[in-house]
Protein chains: 2
Amino acid sequence: MYHEIADQLIQAITKGQFTSKLPTEAKLMARFGVSRNTIRRAIDVVYQQGLLRRVQGSGYYINHVQLNSKHAVNLSVGAGKPLVKNSPRPTSKIVTFDKAIAATIPLATQFNVEADAEVYRVIRLRYMDAAVYALEESYYLTAVVPFLSTESVNGSIFEFLAETFNIAVIASDDYLSMTKLAEDQATLLDQKPGTHRLTLAQMNYTKNNTLFNFSKTIYADPKMSFYFHSAHLSSN
Amino acid sequence: MYHEIADQLIQAITKGQFTSKLPTEAKLMARFGVSRNTIRRAIDVVYQQGLLRRVQGSGYYINHVQLNSKHAVNLSVGAGKPLVKNSPRPTSKIVTFDKAIAATIPLATQFNVEADAEVYRVIRLRYMDAAVYALEESYYLTAVVPFLSTESVNGSIFEFLAETFNIAVIASDDYLSMTKLAEDQATLLDQKPGTHRLTLAQMNYTKNNTLFNFSKTIYADPKMSFYFHSAHLSSN
DNA sequence: TTTCATTTGTCCGTATGTATC
DNA sequence: CGATACATACGGACAAATGAA
């Protein structure tokens, strides 16, 4: 219940329905017909995403997150969704799409994924507006994701998983660093080998914190930037 | 109250008092003599920092965060504390320490800091084990931070602020990107100009979400990495 | 396979504290 | 000072997942 309320509040804020402040808790209680605890729980979710400033005795103020760079990713919302409004959807060119065993994958051993786990391997170039912006290498545990359609691999895999298996990201571990492009990576990204580029390694967990996906994404644009909001649960 | 309990739980976990699971909520209620809501609130805090996996019907499992790189920063704990256990404390070499007006600072205008705000400016080289690891450019609003001792600037400013003014980080906005080193930056960091390095721009907020500090840190080591855990408030 | 106790997840109502205006 | 609004804490009830009998 508080999940839905949180979603509605987030939508309302991003749509600009509340310009400077959120209604008071009392008003929100009346509007949604729930108890104060439930409203506060929902507000916690919104607050955690950095959309609110909370001031005791005064109210909840809207925070307008700034993403100056054209290529910016907001990591605090969970999966790496580009947060630029009305951004065009990325397209993909598949490099590899097969199955593998975790033990044979460097990324998997690095993150202590169970060695004998079977995974779908998807390596693809990601395009935005016909320009390549990332090289993505992602893996899906077949124990959790029994099937991956070629169609979804060409589009949004996460959307496919949500619709088909009701798999959603509950938590994620994110590691940001620079990688020196190897020959093959460089040619795929159309850059010089040895160039340093931002790289996001990610572990994604779903219900009950079971790992279902891990990936490594190298971003082509040197101006790429990542945003992340960290908020303690209560502000005072 | 739940804050203290959360702190105690975090300490207990990092000290290795609980190896695989946390005690049940019922036991924690008894141990701390508080209600279930309070315990759960405290656990929320711990969970948010990525130290726990929670499984309905089963319990809370300890998560051991992996930071493979020697130079790794955990951003989900708030300020940029190095999380390597027993890591030596960094030392500093001051490049600049004076006052300035926000309007004259590119970083401040970029983040829409009130133009006429007065700030302490601290530019310093950060050393770990006699080796330079970062060039830090940080600003403290004098409206919130009335005084900065030279002593603290040579050591830990955040510790000084906590002890002296009871200023703690409640929330932060973090921006990670690469910067191409300018001449002066390159010489300070002992690198070639034009080199790409990881850069963390940070806005730090204290009680009632008032901004008290913003900074930009360029990390010398190309192997530098950042960790960040993102967890939705409830896992199921 | 079913049942049942355990354990966490959600929601409610209430009371009191504290900061803001 | 009083009214408003958010912060914390308690107790109770039921739902849902887990794990063992």
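From a predicted model like this one, the values you see are computed outputs, not experimental measurements. Proteins come first, then strands; the chains are lettered A, B, ... in the order of their sequence lines, and each starts at number 1.
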> Is there a donor and acceptor pair closer than 3.5 Å between the side chain of A/Arg36 and the base of D/dA5?
no
> Verify the contact: side-chain N or O of A/Tyr60 to OP1 or OP2 of D/dA7, cut-off strictly under 4.0 Å; return yes or no.
yes
> Assign the ring pair B/Phe214 / B/Tyr139 to parallel, tilted or perpendicular, where the plane angle (0 to 90°) is split at 30° and 60°.
parallel
> For residues B/Ser177 and B/Tyr175, determine if any side-chain heavy atom of one lies less than 4.5 Å from a side-chain heavy atom of the other.
no
> Once you round it to whole Å, what is the distance between P of C/dG9 and CG of A/Asp44?
15 Å
> Determine whether a donor-acceptor pair (one donor, one acceptor, N or O, separation below 3.5 Å) exists between the side chain of A/Arg41 and the base of C/dG9.
no
> Within this structure, what is the CD1-to-C1' distance between B/Ile39 and D/dT8, rounded to whole angstrom?
14 Å
> Out of C/dG9, C/dT20, D/dC10, which has the shortest distance to the side chain of B/Ser35?
D/dC10
> Between the main-chain N or O of B/Val153 and the side-chain N or O of B/Arg124, is there a donor-acceptor pair closer than 3.5 Å?
yes
> Looking at C/dT20, C/dC11, D/dC6, which one has an atom nearest to any side-chain atom of B/Asn37?
C/dC11
> Do any of residues 17-34 of chain A sit with a heavy atom less than 4.0 Å from DNA chain C, and if so which?
A/Val34
> Nearest to the side chain of A/Gln56, heavy atoms from C-beta on, is which of C/dC12, C/dG17, D/dT8?
C/dG17
> Of the nucleotides C/dC11, C/dC21, C/dT10, which has the atom closest to the B/Arg40 side chain?
C/dT10
